[in-house]
Amino acid sequence: MEGAQAAEWDRRKQQELYALLKRRGFVWPSFEIYGGVAGFYDLGPLGSVLKDNIESAWKRTFLVEEGFMQVDCPSISPETVFRSSGHLEKFSDIMTRCVSCSAPFRADHLLSDAGIDAVDLTAEVMGTYLTEKDVRCPSCGGTLGPVEEFNLMFKTHIGPGTDRPAYLRPETAQSIFMDFSMLYRSNRERVPFGVAQLGKGYRNEISPRQGLLRQREFHMAEGEFFFDPLERTFPPFSTNRDRSVPLLMASDPERTVEMPLGRAVEDGIICSEVLAHFMGVTHRFVLSIGIPRAAMRFRQHGRKEMAHYANDCWDLEVLTSSGWVEMVGIADRSAYDLSQHARGSGCDLTALRRFTTPRTKEAVKVRTDKKVLGPLFKARAKEVDELLCGTGSAELERMRSSGTIQLVLKDGSSVNVPASAFSFETVTETVQGERYTPHVVEPSFGIDRLMVAVLEHSYVETASSPMKESDKDEDGDGGPYRVMRFLPSVAPIKCGVFPLLPKDNLPELALKLSSELRSAGLAVHYDPSGSIGRRYARMDEVGTPFALTVDHRTLEDGTVTIRDRDTGEQRRLRSSDAARKVLDLVQCSTAFSDL
RNA sequence: GCAGGUGUGGUCCAGCUGGUUAUGACUAAGGCCUUCCAAGCCUUUAACCCGGGUUCGAAUCCCGGCACCUGCACCA
């Protein structure tokens, strides 16, 4: 069903990989000594570095290359935030359960089937209605149990007592919207601009089954790119216009079509250049951490799947042992989030659209004479003054010509204002621009899922180590030879350093070499024990791309061997050049074959 | 959350018609050997998911919890 490539992941291979991940210290279930809790995982010594390296690659793409500004905000937010964002409502289901067959149902769905509009009803009220209308279990006809609210957000409280409810964020994005004005100012009041945040998100999943793919606490990296919806073109898109990507359109969910992003925008398949640009950026980033091109596709959300305010939404999916899995969601969320928070907070979250030339506008202004208003209205003078200025000049003119100028004050009383209390003045105003709410395109990355994808796509099983002479079936059933073919940039350890034998001063030389590499900023692993083949194998298993070995020739001419993980090939280098060469190899500025 | 299955050293597994010193392999650690790809030999560490019950005696039978697998539901 999921295609030949997924089928290649039989259960044995998957277990083999997950055993390796635990054995070598990449990842394992949390709280194991207490029996564990579903949906929580610990990243071990290698896993946490791998995650950092993926995040570093992400920062390089979004912060350095795309110029996003970074923020780092709290994980806990007061309830009002999620009331505005819509999470309080959208993230919770009001559930009921059949007493006899225990099938779960959404109470609001059952009520609307019974002809009652259940929107905005509380769980309690829904329960009452269900009883009144004698709604029964649709599958077996049994009675329904109590109605309960289930929210996917973790709830907590700020301070003592329970009167300040708060939630752990289900995504990192909201704080960026709340900080919009500060960020707009940081960007010297110019749109477009992007803001990024890396951090944890929390979702209290009902039953997180697919292991690392669906966790209750997970790493996210999100970007929010604010732009003016009236700008039709987006110049940075030129870097991605010709990039060809596989698209699975909502109109034809059976067929993946490969096409350049530029054409997809022209043909109206992708809604804007901004959205297409970030699909291109995402494609480039995911390739850069080692996911093969063929294992990627962009899937467009259908109308129903998409939130009502969204214009267009594409998921980057990667083929894994669990089939195609969403790794990144790239959505055009229009002005929804900023508008919601503007309304909820009463604060202005708009930007200024500057006119190319400031517009001058002639306006007739009301000018009041306070010397007349003060003695006449005393304490009420201020209110009358404000009313006069607030009333349009045209309206005042009309009233003046009709003879009486009567204004109604807040307390309901009305006052007559003499015509001498104000005059009209024609002023010319220059208007620099108009305020508008920017739209936002949100690329949202699941870092843990990307890590799983990197691990699975890096994992290779072979019959024997790369340079083994005879391919004879070793009688030991130690399983296949396992290699993690990480790209050097994401590999947790960049280089192994070994003495060929633990004697003749070789360990001392190797230790010296290893500290030289460390000083150059390289994560190295020094290992003097066991046969050389075993040590290479250990490094292959954790995906270390290179290994340096000090041997007896080192004593004579100061050269060491360097081994390439994927081919097993070896070259000799001057020991004194080793650190720089390995650095070049890791940064991919030199190829192994050019050494 | 429901139904069914499963839970034994770091990993994979045997034992599970109650009584064993709980089997084996891999890995790991130490040593011998070894001049480049998991070689060999010796040694060592290390396990019955948690809690309760039945029983003279529980890894084994029963109940509850937790976790994992399969299916259903859920996945804004």
Side-chain angles (χ1 to χ4, degrees), chain A residues 11-12 14-25 28-40 44 82 85-93 95 97-98 100-106 139 145 148 150-153 170-171 203-211 213-216 305-308 310 325-326 329 462-470 472 474-483 496 498-504 506 529-541 547-555 560-565 567-570 572:
Chain A
R11 264 190 82 58
R12 183 209 55 80
Q14 202 177 357
Q15 281 178 349
E16 202 77 54
L17 170 62
Y18 281 83
L20 185 157
L21 295 184
K22 190 170 181 182
R23 177 160 40 90
R24 292 300 186 190
W28 55 75
S30 302
F31 319 119
E32 261 199 317
I33 65 165
Y34 289 107
V37 181
F40 294 97
F82 298 114
S85 71
H87 284 92
L88 208 54
E89 186 193 338
K90 286 289 181 62
F91 250 61
S92 57
D93 289 335
M95 307 286 293
R97 192 172 283 282
C98 172
S100 41
C101 76
S102 74
F105 300 99
R106 291 200 29 188
S139 56
E148 279 164 356
F150 182 81
N151 194 295
L152 246 28
M153 290 192 291
E171 56 174 37
R203 293 180 196 185
N204 199 1
E205 299 281 358
I206 299 169
S207 66
R209 279 278 183 81
Q210 297 109 302
L213 294 177
R214 216 165 127 208
Q215 298 185 49
R216 288 186 163 125
E305 196 178 355
M306 208 156 45
H308 65 276
V325 175
E326 174 193 350
T462 57
S464 67
S465 70
M467 287 310 262
K468 191 167 179 176
E469 314 282 309
S470 56
K472 61 159 197 256
E474 61 243 72
D475 29 19
D477 44 1
Y481 192 89
R482 308 176 195 86
V483 186
F498 313 133
L500 184 59
L501 296 171
K503 58 181 183 189
D504 303 332
L506 298 182
S529 76
S531 73
I532 191 71
R534 180 173 292 267
R535 283 174 278 166
Y536 286 145
R538 277 200 276 254
M539 288 293 95
D540 288 345
E541 231 182 36
L548 294 170
T549 302
V550 170
D551 58 15
H552 288 86
R553 214 175 120 187
T554 312
L555 300 172
V560 295
T561 64
I562 182 165
R563 169 185 181 270
D564 178 62
R565 176 194 64 206
T567 60
E569 235 185 290
Q570 289 190 355
R572 287 203 82 89

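Proteins get letters first, then strands, A, B, ... in listed order; numbering begins at 1 in each. Both backbone and side-chain heavy atoms feed into the values below; hydrogens, waters and symmetry mates do not.
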Would Arg216(A) and Glu205(A) pass as an ion pair if we require N to O under 4.0 Å?
no
Does a side-chain N or O of Arg24(A) approach OP1 or OP2 of U11(B) to a distance below 4.0 Å, or not?
no
Using atom types as modelled and distance alone, determine if a side-chain donor or acceptor of Asp504(A) lies under 3.5 Å from a backbone N or O of Leu506(A).
no
Using a 4.0 Å heavy-atom cut-off to protein, can you give one letter per nucleotide of nucleotides 67-72 of chain B, 5' to 3': B if the base is in contact, S if only the sugar-phosphate is, - if neither?
SSSBBB
Among C37(B), U11(B), A28(B), the one nearest Ile532(A) by side-chain distance:
C37(B)
Euclidean distance for C1', U54(B) against U60(B) (whole angstrom)
13 Å
Write down the distance separating the P atoms in A46(B) and U70(B), rounded off to the nearest Å.
35 Å
Do Glu205(A) and C75(B) share a donor-acceptor pair, side chain to base, under 3.5 Å?
no
Counting side-chain heavy atoms from C-beta on, which of U35(B), C37(B), A39(B) comes nearest to Ser465(A)?
C37(B)
C1' spacing across the pair A59(B) / G40(B), given as an integer number of angstrom:
36 Å
Is there a donor and acceptor pair, one atom on the side chain of Arg563(A) and one on the base of C37(B), closer than 3.5 Å?
yes
Does Arg214(A) make a side-chain donor-acceptor contact with the base of C74(B), cut-off 3.5 Å?
yes
Think Arg534(A) has a side-chain N or O under 4.0 angstrom from the OP1 or OP2 of A28(B)?
yes
Suppose you measure atom P in C62(B) against the same atom in G5(B); what distance do you get, rounded to whole Å?
11 Å
Answer with base, sugar-phosphate or nothing: what part of the nucleic acid does Glu32(A) contact at a heavy-atom distance below 4.0 Å?
nothing
Grab the CE-P distance between Met539(A) and C37(B) for me, whole Å please.
18 Å
Pick the P atom in A25(B) and in C69(B), then give their distance to the nearest Å.
30 Å
Starting at CG of Asp504(A) and ending at P of U35(B), how long is that distance when rounded to a whole Å?
10 Å
What about Tyr34(A): does its side chain form a donor-acceptor pair under 3.5 Å with the base of C50(B)?
no
Are any of Lys22(A)'s side-chain N or O atoms less than 4.0 Å away from OP1 or OP2 of G10(B)?
no
If I pick the P atom on G1(B) and the same atom on G57(B), what distance separates them, to the nearest angstrom?
34 Å
Between atom CZ in Arg538(A) and atom P in C36(B), what is the gap in whole Å?
18 Å
Need one value for Gln15(A): base, sugar-phosphate or nothing, where a base atom within 4.0 Å counts as base even if backbone is also close, heavy atoms only.
nothing
Is the shortest side-chain heavy-atom distance between Arg572(A) and Thr554(A) below 4.5 Å?
yes
Nearest-neighbour nucleotide for the Ser531(A) side chain, A39(B), U35(B), A38(B) considered
A39(B)
Looking for any heavy atom pair under 4.0 Å, which part of the strands does Pro499(A) touch: base, sugar-phosphate only, or nothing?
nothing
Of the candidates U34(B), A38(B), C37(B), the side chain of Glu541(A) sits closest to A38(B)
How many whole angstroms separate atom CG of Leu17(A) from atom P of U11(B)?
15 Å
Earlier contact from the 5' end, RNA chain B, for Leu501(A) and Pro466(A)
Leu501(A)
Which is more 5' along RNA chain B, the nucleotide nearest Ala537(A) or the one nearest Glu171(A)? Just name the residue.
Ala537(A)
Take atom P in G9(B) and the same atom in G24(B), then report the distance between them in whole Å.
16 Å
Please report the distance separating the C1' of U8(B) from the corresponding atom of C48(B), rounded so that it comes out in whole Å.
4 Å
I need the CZ-P distance between Arg572(A) and C36(B), as an integer number of Å.
12 Å
Side-chain atoms of Ser529(A) come closest, of G30(B), A28(B), U35(B), to G30(B)
Polar side-chain atom of Arg535(A) near backbone of Pro499(A) as donor-acceptor pair, under 3.5 Å:
yes
